[in-house]
Amino acid sequence: MLSIYNTLTKQKEEFKPINPPNVNMYVCGPTVYDYFHIGNARSFIMADIIRRYLEYKNYKVKYVMNLTDVDDKIIKKSIQENKEAKSVAEDFVKAFFEDINKLKIKPADIYPKATEHMNDITKLIEELEDKGFAYNVDGNVFYDVSKFKDYGKLSGKKIDDLESGARIEINEEKKNPLDFSLWKKAKPGEPFWSSRWGNGRPGWHIECSAMSCKHLGETFDIHAGGNDLIFPHHENEIAQSEAANGKKFVNYWIHFGFLNINDEKMSKSLGNFFTARDIVKKYSPEAVRLSFAQTNYAGPLNFSEELLSSAEKGLEKLRNLADKTNEELKNKSKDGIFPEFDFARYEKNFEAAMDDDFNTPQASAVIFDFAREVNKAAAENASLHFEFYQSVKSFLGKTAEEVLGILDLSDQSQLSGNSIENELIELLIKLRAEAKIEKNFKLSDKIRDSLKEIGIILQDSKDRTTFKKNKP
RNA sequence: GGCGCUGUAGCCAAGCGGUCCAAGGCGAAGGUCUGCAAAACCUUUAUUCGUCGGUUCGAAUCCGACCGGCGCCUCCA
C-alpha cells in the first residue's frame, strides 16, 4: 500500500487514484527565461522518481509538465538581450529538453505551453468573472479572494493574517491586497493576446489551472512542485479551479524541499546558483540523482561538492557490480552454484520503502545492502551460476535503473563500437600477462599505468584480466 | 507577527512507541586476497539520538519548556 504525505491534509494518506490504474499527475515546470539550476533539478528528478515508481506499481501515469513561456521575467530578459520574447522562450525550451535528457529524466507525456492555450486561459477567466470571482479594472482582471471561502486551505494561511502581514504590495486597483492578477493589460512593446478585456497576457497562476484541467480533467490525482509554490501559486490555482469548476481540484499535493548552499536557499534571485548543466559537466547524472535520492524529498538538502563526490564514490560500487554481472552473463557459466539468496525479500524491502511516502534513502539502502550480499556470495564461491546473475540483473534493473535511475545496466565493458581498439587492448593485456609470468613487473605495471592514463582501467582477477572505461 | 519544516557518528542521512544497546553512503583504521595495485569481502568507527523535564512496563520516537537552524507569507523549484 502506497502512502503519500499530502500537503493539503498535512498527513500521510493511502494513495487511491480516482480511476485506477490510471494516475493523472501534474508537475510545475520551468519558466523558460534561463537555464534551470540544480535546485530546480531536484524537483524535476524527485518528481521523475515518483512517476517511475508509480509506473513500477503498474499504474498508467499521464504526466503533464507545463512550460511557462509568457512571463515578466521572459520579457525582462528579452529586453536585456534585445531579442523577441518568443525567441528567448524558444531557446530555453530547447535548453530545458537538453538538460532533462542529460539528467535521465523521463519526458512528460505532454508539455503544454501557455502561449498555445490562450483560448483555454481566457475562457477560464471569463468563467470566473461571470461567476463573480473576478473583476475587471480597466483591462486588468483580478481574482477576488474574498469570494472564495476556502482560500488558504493548502498553505494553512488565513486571509486576516495575510492582510496584517507587512509584505504585501499595495496596488490601488485591487479591492484587497491579496487579490491576484488573472489578466494583465499589455504595456507598449510587450507580447499580447486579444481578449474581451482588451489586449494583454495571462497572470502567473491561471495557466496551470487552465492547462491542467484541459489535459487531466477538473479533478486529478497528483500535483507536485517546489515548496515555495505552496503559497501563493498553488493556493491560487485551487482558488481558480475550484471556483470555476465547483469541484475539488487535486487529491494529493506533493512538495519538494529546497536545495541550499551553505544552509542558505539557492535561488535565481539570490544569485548563488549552479545550473544543472554545469553540474553535469563535472559529475555523472546518476551521482546527481543518487545524492538527491539519499535524502527525503520534502526536507532541505544542503548541496555541496562533497555530497556529489561521495555519491559518485558510492555509485562505483553499484557500477562495478553491474559490470561484473554483465561479464558473468556473457560467460553463461553453468558450472557455478546458485547460492542461497532471498531476492524476494530485497524486492519486498525496496517496495516497502518506496511505499512509505517514497522513502528513497531507505530504498537506496536496500540496493546497497543487496549489492554487498551479492558481492559476498561472489567472494565466497569460486563461481556462480549465470542464472543467479540473471536474477541480480533483474533486481538492479527494476530498482536502481528503472525506478531511481542511478544505474545503467547496458553493457559498458567494451569501448563503444570500436572493435579494433578493443582488440588492441586485449593484445596489451596478453602481453602484460606474459610479462607477469616472466616476473617482469616493471613492464607489466607500465602497461597498466599507461592504459590508466588514457582512461582504461585494468583489473586482475584470479583467472583473467578485465578492463573498463574510466568514467568521468 | 502568522504558517510550516528541522536539530541523529568526522561529513551526508534513514528510523518516528518495543524486533534499534540506531539502517545506508562517504571518510578513517586494521585484516583477507594480490608480485604490487585495483576491485571485493571481513572487522572497528553514536552506551547514544540539541538541552531539561514529563507520560509510559518501555522513548531517538509521544507531551511540555527551553536553545539553535531553515523556509514561506514578495518573483522563485
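In this text the structure is predicted, and so the values were computed from the model without any measurement. Protein chains get the first letters and strands the later ones, always in sequence-line order, with residue 1 at the start of each.
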**Prompt:** So which nucleotide does G71(B) pair with, by the Watson-Crick or G-U wobble rule with both distances under 3.5 Å?
**Reply:** C3(B)
**Message:** Over all strands shown, is K10(A) touching base, sugar-phosphate only, or nothing at heavy-atom distances under 4.0 angstrom?
**Reply:** sugar-phosphate
**Message:** Looking at G25(B), I'd like to know if its phosphate oxygens (OP1 or OP2) sit under 4.0 Å from a side-chain N or O belonging to K317(A).
**Reply:** yes
**Asked** Can we say D99(A) and R277(A) salt-bridge, meaning some charged N sits less than 4.0 Å from an Asp/Glu carboxylate O?
**Response** yes
**Request:** Return no unless some side-chain N or O of N227(A) is found under 4.0 Å from OP1 or OP2 of G4(B).
**Result:** no
**Request:** Check every strand shown and say whether D369(A) touches a base, only sugar-phosphate, or nothing at a heavy-atom separation below 4.0 Å.
**Result:** sugar-phosphate
**Message:** So for D460(A) and C36(B), does any side-chain atom that can act as donor or acceptor lie under 3.5 Å from a complementary atom in the base?
**Reply:** yes
**Asked** What's the CG-C1' distance between L458(A) and A37(B), to the nearest Å?
**Response** 11 Å
**Spacing of the C1' atoms in A14(B) and C49(B) (rounded, Å)** = 13 Å
**Prompt:** Could you give the CZ-to-P distance, from F258(A) to G4(B), as a whole number of Å?
**Reply:** 18 Å
**Prompt:** Who is the Watson-Crick or G-U wobble partner of C20(B), with both distances under 3.5 Å?
**Reply:** none
**Item:** Under 3.5 Å donor-acceptor pair, R372(A) side-chain atoms to C42(B) base atoms
**Value:** no
**Item:** P gap between C16(B) and A23(B), integer Å
**Value:** 14 Å
**Message:** Taking any heavy-atom pair under 4.0 Å as a contact, classify D445(A): base, sugar-phosphate, or nothing.
**Reply:** base
**Message:** Can you measure E373(A) atom CD to G24(B) atom P for me and round it to whole angstrom units?
**Reply:** 13 Å
**Request:** Answer with yes or no whether R448(A) presents, from its side chain, a donor or acceptor under 3.5 Å of a partner atom in the base of A37(B).
**Result:** yes
**Message:** Looking at K104(A) and E286(A), is there a salt bridge between them, counting it only when a charged N and a carboxylate O are closer than 4.0 Å?
**Reply:** yes
**N381(A) CG to U32(B) P, straight-line distance once rounded to whole Å** = 21 Å
**Item:** Which residue lies more 5' along RNA chain B, comparing I38(A) with K436(A) via nearest heavy atoms
**Value:** K436(A)
**Item:** Partner nucleotide of A40(B) by Watson-Crick or wobble geometry (both distances under 3.5 Å)
**Value:** U32(B)
**Prompt:** Would you say G27(B) has OP1 or OP2 under 4.0 Å from some side-chain N or O of K313(A)?
**Reply:** yes
**Asked** Could you give the CG-to-P distance, from L154(A) to C5(B), as a whole number of Å?
**Response** 13 Å
**Message:** If I pick the C1' atom on U34(B) and the same atom on A77(B), what distance separates them, to the nearest angstrom?
**Reply:** 50 Å
**Message:** Looking only at the side chains, is there a donor atom on one of S3(A) and E13(A) sitting less than 3.5 Å from an acceptor on the other?
**Reply:** no
**Length of the line joining Q362(A):CD and G24(B):P, which is rounded to integer Å** = 10 Å
**Item:** Counterpart base for C66(B), defined by Watson-Crick or G-U wobble contacts under 3.5 Å
**Value:** G50(B)
**Message:** With a 4.0 Å limit, can you tell me whether N40(A) has a side-chain N or O closer than that to the phosphate oxygens OP1/OP2 of A77(B)?
**Reply:** yes
**Message:** Counting only side-chain nitrogens and oxygens, does N320(A) get under 4.0 Å of the OP1 or OP2 atom of A40(B)?
**Reply:** yes
**Request:** Using whole Å, report how far OH of Y297(A) lies from P of A14(B).
**Result:** 12 Å
**Complete:** If pairing means Watson-Crick or G-U wobble with both distances under 3.5 Å, then the partner of U45(B) is G27(B)
**Complete:** To the nearest angstrom, the CD-C1' distance between E328(A) and A40(B) comes to 13 Å
**Asked** Looking at K452(A) and D449(A), does any basic side-chain N land under 4.0 Å from a carboxylate oxygen?
**Response** no
**Request:** Kindly state whether the pair F368(A) / G24(B) counts as stacked, where counting means centroids closer than 5.5 Å and planes tilted less than 30° apart.
**Result:** no
**Asked** Would F338(A) and F386(A) count as a close aromatic pair, with their ring centres under 6.0 Å?
**Response** no
**Request:** Look at all strands and tell whether S444(A) reaches a base, only sugar-phosphate, or nothing, counting heavy atoms closer than 4.0 Å.
**Result:** base
**Asked** At under 4.0 Å between heavy atoms, what does I230(A) touch on the DNA or RNA strands: base, sugar-phosphate, or nothing?
**Response** nothing
**Asked** Does a side-chain N-to-carboxylate-O contact under 4.0 Å join K348(A) and D355(A)?
**Response** no
**Request:** Please report the C-alpha distance between D228(A) and H233(A) in whole Å, then the side-chain angles of each, then the deciding distance to 0.1 Å, and finally whether the side-chain contact (heavy atoms from CB on, under 4.5 Å) criterion is met.
**Result:** CA-CA 8 Å; D228(A) 58 334; H233(A) 187 240; over 6 Å; no
**Asked** Given that Y5(A) and G226(A) both sit by RNA chain B, which one's nearest nucleotide is further toward the 5' end?
**Response** Y5(A)
**Asked** Distance between the C1' atoms of G17(B) and C73(B), in whole angstroms?
**Response** 36 Å
**Request:** Would you tell me if any nitrogen or oxygen in the side chain of S291(A) comes within less than 4.0 Å of OP1 or OP2 on C12(B)?
**Result:** no
